[in-house]
Amino acid sequence: MKLRAYLAHSTISIIALTLITLSHIKLIPNPVLIEFENVLYDIRLRATMPNTQNTDIVIIDIDEKSLSEQGHWPWQRDKLANLVNSLFDHYQLDSLGFDMVFAEPQPSTAISLIEQLSQAEPNINFEQYREKFNFDYHFAESIFARNIVLGYVFKQTHNQSTTLQVGQLPMPISAQSILGDAAEKLYLPVGYTANIADLQFATDYGGFFDYVRDDDTLRKVPLLQNYQANLYPALALQLAATSLNQPYQFILSADKKVIETIKIGNIHIPVDETASMYVPFRGTMGSFHYLSATDIINQRLPLNILKNKIGIVGTSAAGLLDLRATPVGESYAGVEVHANTLAGILEQRVKTKPDYALGLEVLQLLVLAILMAFIYPRLSPRNSLLFLISIAASIIAINMYFWLYQAFIFELAAALSLLALSSFFHTSYNFFIEQKNKRQLSKVFGQYIPSQVVDSFDLDEAQMTLSGESRVMTVFFADVRNFTNISEKMAPADLTKMMNAFLTPVTKQIHLARGTIDKYMGDAVMAFWGAPVKDAEHANHAVSASFAILKAIETVNHDFVKSGWPKIALGIGLSSGEMNVGNMGSEFRVAYTVMGDAVNLGSRLEGLTKVYGQAILVSEQTQRLDTQHHFLTIDKVRVKGKQQPITIYAPVMEITTQHQLVEAALTAYWQGNFDNALAKLEQITTPDLATLKQLYLVRCEQFKTTPPPLDWDGVFDHKTK
């Protein structure tokens, strides 16, 4: 009976664990769990907010008072120019951002009248009047050479009724290539609405103020967006960089697949894979000083109230107010979201989910399930409740420790849901079944959990093993020719950039052809086809990838020439055969790699490419297995370290008349008819075959002078690698 009780409790825990874990890792959609987590996040945020007012960031408010004194919105842009001039000249503001966009030139009736007069009186110079009443010009002049960040918005979707691109975007902060594959995980807008060119060209800075979010409540904001292969910053991020006068740096994960941190000087901003950060709200609305724009224009405020501070121009006037739902208020001013984001960056109060958070959370669920399974059968109902409360309190306390002192966000909903769900079923078992009739309980319980399912569970820890498997595969080696000479002439930084630019397209083509990268060895790349997923066409895929890589290198060389770097040439060796593949290494470090004679042969063939003047050489086993490509016979060789001779080939796109001459020359050469071979070789004119032609011309002339032995088999012995 005791064994049955443990089995029943274990089964309950496993079911609850499975349901909650699959929901937690998003394999099973569970909007209830997501909403529960959002609620818990909001509670923690509100409970730990500083609830203090930041005095270093101020909001320049287009409020009701300003509209009453200065007129309805939008204002003439000479008023905005007066506002900017007053902020910087009189109040000595450090930096200013606009949470608004000026997407169209401002019409001026005075300009229209001047144009009519100039046509009527062409002899009169009206230029000074045009300048006087060109309010866009005055606004642009006030912006010029100041720390001003203009706002714009990106469009995530597009319909036929809207224009895809409006206005002028600022210069991007970088090309997406600086992030590599991580750039593809950023938000990819399809269009934008930006400021008119005259205004944007007046400043070096701009930042988007549209915030993409997954639900109705704004908890995270993107700091970068990837538009047309270029990176653009958020308004708050650019304001931080502008005020600090520091460049951007990006820190990627170890595998270079995800961006982890945006760095501005000594400030580190943790972000998720979309380059979004959690907004560290200070409190409810009013966490920043609101200063009326009209008071600034009329210079009614004390001088020190804005000196060396950062301002954001926004509005609180009815009808203009941009309200958003946030964890700290259903109607929260959008300009204060920017201010909170900026303050969090500058004060280093940004919380993050560490990359190992999910692993720890799943481990926590597993530990809880085991505790519930083994402790609940031993406890009375009262003690079970105390146990549940203690465990829940411990989980919350640990979670809050990381929240407060490590700025880490670990999710709570899954653990508390597992406790509640498990407790419900465990308690139901203890109260309604086990205490009445354990035998009957087993019978009823069996209606829900088949015995074969129960028998299949195993809670013992799995042990990792290091094992290998023999498979017929194709191995790939590629190496940059004359790399030593190239590297000696380049600065280390340029050499690193050049190698990254070379390795990226090579890796991309290998992956597109279903290959597996084994390792990078300086200027060399090793890969293989046929593992971990079996591939019946490994030879076809390897040869196709080799052609694609050579094509990609042509594009790379074009870019290298533009950068003042030397062109590069590759030698590629392919070999097929039986290899041992698997995790190989020690208990401290393992690598998924291949070993065997076929692997060594591939390396030797790569080294021979420069001897024969061919970009790609393959073994005869690869040539036999390939069913898609044409091959040119190159030689019969005995490579260093091998006794068995092999025939080597070069894959070609098609067999031409020149290739047929090579085949005929080699046939005559192996038959010992060196005069016939020389005659065929002299007819070869293709530059790609020049090295091969010269090699056999020399051999034939040598054999005519010193004939080979009678038992000569045509095999050439290579003494070097």
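None of the values given here were measured: they were computed from a predicted structure.
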pair [X]-[Y]: side-chain heavy atoms closer than 4.5 Å:
X	Y	result
Ile398	Phe410	no
Tyr227	Leu169	yes
His24	Leu358	yes
Gln299	Tyr91	yes
Ser316	Asp63	yes
Thr294	Arg300	yes
Gln200	Phe102	no
Pro233	Tyr205	no

ask   = Going through the checks in order, is the ring pair (Phe, Tyr, Trp, His ring centres under 6.0 Å) test met by Phe154 and Tyr232?
value = CA-CA 10 Å; Phe154 277 124; Tyr232 294 87; 5.6 Å; yes
task = Please confirm whether the backbone N or O of Pro327 pairs with a side-chain atom of Arg46, one donor and one acceptor, at under 3.5 Å?
result = yes
inquiry  = Taking Glu184's backbone N and O only, do any of them form a donor-acceptor pair with Gln176's side chain (distance below 3.5 Å, no angle check)?
reply    = no
task = Check whether the side chains of Thr52 and Arg282 place a donor and an acceptor atom closer than 3.5 Å, and report yes or no.
result = yes
ask   = Using a distance-only test with no angle check, is there a side-chain donor-acceptor pair under 3.5 angstrom linking Asn340 and Arg349?
value = no
query = Is the His338-Tyr211 ring centre distance short of 6.0 angstrom?
reply = yes
ask   = Do the charged groups of Asp42 and Arg219 touch, with an N to O distance under 4.0 Å?
value = yes
query = Would you call Glu411 and Arg44 a salt bridge, using N to O less than 4.0 angstrom?
reply = no
ask   = Using the ring of each side chain (for Trp, its six-membered ring), is Tyr405 parallel, tilted or perpendicular to Tyr401, with breaks at 30° and 60°?
value = tilted
query = Mind checking whether Tyr41 and Tyr278 have parallel, tilted or perpendicular rings, split at 30° and 60°?
reply = tilted
task = Could you tell me which non-hydrogen atom of Ile57 sits nearest to which non-hydrogen atom of Asn54, and how far apart they are?
result = N-OD1, 2.9 Å
ask   = Closest heavy-atom contact between Asn230 and Pro172?
value = CB-CB, 3.6 Å
